[in-house]
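Please read the structure below before turning to the comments.
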Protein chains: 2
Amino acid sequence: MNEGSLDIAEVARRSGLAPSALRFYEKKGLIVSAGRNGLRRTYHPDVLERLELITCARDAGFSVAEIGRFLVARSGDPDLRVRMAARACALDEQIGRLTRLRDSLRHAAICDHESIVECPDFKQAIGNEPAAGLVRSSHRDRLC
Amino acid sequence: MNEGSLDIAEVARRSGLAPSALRFYEKKGLIVSAGRNGLRRTYHPDVLERLELITCARDAGFSVAEIGRFLVARSGDPDLRVRMAARACALDEQIGRLTRLRDSLRHAAICDHESIVECPDFKQAIGNEPAAGLVRSSHRDRLC
DNA sequence: CTGCGACTTGAAGCGCGGTTCAAGTCAAGG
DNA sequence: CCTTGACTTGAACCGCGCTTCAAGTCGCAG
């Protein structure tokens, strides 16, 4: 067997993913196997890097299908570039939400209101506007 | 109908969630209905605020069950506080991942490597720790 | 050559987060 | 009164992202 290639079990071990997940990703076109040793898939070491990317994107809420589309992206595909830029903007918004949520959560862990959802600081960090009664639904910020 | 309470359809409209989702959340204990008008659920206006929180947390990757646990949190529950603090730290990590992913994506939409995944800048931004050198580092507070 | 065991496959199954459906109930309008 | 139509219910179903399973195949040690 080729010196540089990795057994599926080895890739699983080093990536922290189950072999079944690797086969699943391969079937979906997110990774490719370098060849076989008998029946066994072997992978180029670069696959580890790609798996890291995949895991990261999955954690970020990307679907497997979407990751697949991005992974085959070529510079000559303007549609895809547009989608990527849009996705980046969506990520910005999500990062904002997560940051506020984190701050609220961190506050909740130390605040002394009986019920944490009652805490005004908590609410304030989460919501953009408390819907106390005379709230017009705020127009979505179209910053992107 | 009580002046202050909202019909489920109204809540659905103003929250952007499907009525079925509202019933689902109610069944899971994430929201409570204020009462009924005939068979129809009515909700206190405060539910809108809570739904915003729920949606935000869902987007952040919290499961419905986990949100439910947090929502019933009382200040006298130290376990839950610990979980919240831990969750806040996890969010910090995720925010970091998302930020790197966003930067990579934004670069990908610009860069002229024929295959996006080939681009060294792209790879570099994804990889775990910014190793050295030319990293546009927002400084990471290691507090966890 | 004969196990053995770790892989292979396609198909079925699972948990999550809802949505859809069939059948029923109610409030209000004509 | 009867109809209309938006709601109600529980149960079935769905898509996703894998995991598990049964059955088969291979490399290698003995």
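Every chain is numbered from 1 and lettered A, B, ... according to where its sequence line falls, protein lines coming before strand lines.
As a whole-Å value, the separation of A:L51 CG from D:dC18 P is 11 Å. Atom CG of A:L22 is separated from atom P of C:dC7 by 11 Å (rounded to the nearest Å). The interatomic distance linking B:L17 (CG) with C:dG17 (C1') rounds to 12 Å, in whole Å.
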Show the atom names and distances, to 0.1 Å, of all donor-acceptor pairs under 3.5 Å that link a side chain in residues 55-66 of chain A to residues at least two apart or in another chain.
unit_1, atom_1, unit_2, atom_2, d
A:T55, OG1, A:L51, O, 2.9
A:R58, NH1, A:F62, O, 2.8
A:S63, OG, A:E66, N, 3.1
A:E66, OE1, A:R87, NE, 3.3
A:E66, OE1, A:R87, NH2, 2.9
A:E66, OE2, A:R87, NE, 2.9

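Helix-axis bend for the helix from C:dC1-D:dG30 to C:dG30-D:dC1: the local axis fitted to the five terminal pairs at one end deviates from that at the other end by 20°, rounded to 10°.
Shown here are the side-chain hydrogen bond (donor to acceptor under 3.5 Å, both in side chains) partners of A:T99, two or more places apart in sequence or in another chain: there are none. Every residue meeting the side-chain hydrogen bond (donor to acceptor under 3.5 Å, both in side chains) condition with A:S33, not counting sequence neighbours, appears here in chain and number order: A:E26. For B:R69, there are no salt bridge (charged side-chain N to carboxylate O under 4.0 Å, His left out) partners at least two apart in sequence or on another chain. Partners of B:R102 according to the side-chain hydrogen bond (donor to acceptor under 3.5 Å, both in side chains) rule, which considers only residues two or more places apart in sequence or in another chain, are A:D92. Every residue meeting the side-chain hydrogen bond (donor to acceptor under 3.5 Å, both in side chains) condition with B:R13, not counting sequence neighbours, appears here in chain and number order: B:E10. In this structure A:P45 satisfies the side-chain contact (heavy atoms from CB on, under 4.5 Å) test together with A:L6, sequence neighbours excluded.
Within the 3.5 Å criterion, the main-chain N or O of B:A34 finds no donor-acceptor partner in the side chain of B:T42.
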Between the protein and nucleotides 6-9 of chain D, which nitrogen or oxygen pairs come in under 3.5 angstrom?
unit_1, atom_1, unit_2, atom_2, d
D:dT8, OP1, B:R41, N, 2.7
D:dT8, OP1, B:R41, NH1, 3.4
D:dT8, OP2, B:R23, NH1, 2.7
D:dT8, O3', B:R36, NH1, 3.3
D:dT9, OP1, B:R36, NH2, 2.9
D:dT9, OP1, B:R41, NH2, 2.9
D:dT9, OP2, B:R41, NH1, 2.5
D:dT9, OP2, B:R41, NH2, 2.6

Distances under 3.5 Å between protein N/O atoms and the N/O atoms of nucleotides 2-4 of chain D, please, pair by pair.
none

What's touching nucleotides 11-17 of chain D from the protein side, N or O pairs under 3.5 Å?
unit_1, atom_1, unit_2, atom_2, d
D:dG17, OP1, A:V64, N, 3.1

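Counting heavy atoms from C-beta outward, A:I54 and A:L71 have side chains that approach closer than 4.5 Å. Considering only heavy atoms from C-beta on, B:V11 stays 4.5 Å or farther from B:I31 through its side chain. Side chains of B:I8 and B:R23 form a contact here, defined as non-hydrogen atoms less than 4.5 Å apart.
Under a 4.0 Å N-O distance rule, the pair A:E114/B:R74 qualifies as a salt bridge.
Here ring pair (Phe, Tyr, Trp, His ring centres under 6.0 Å) pairs that include residues 10-54 of chain B, with residues two or more places apart or in two chains, number zero.
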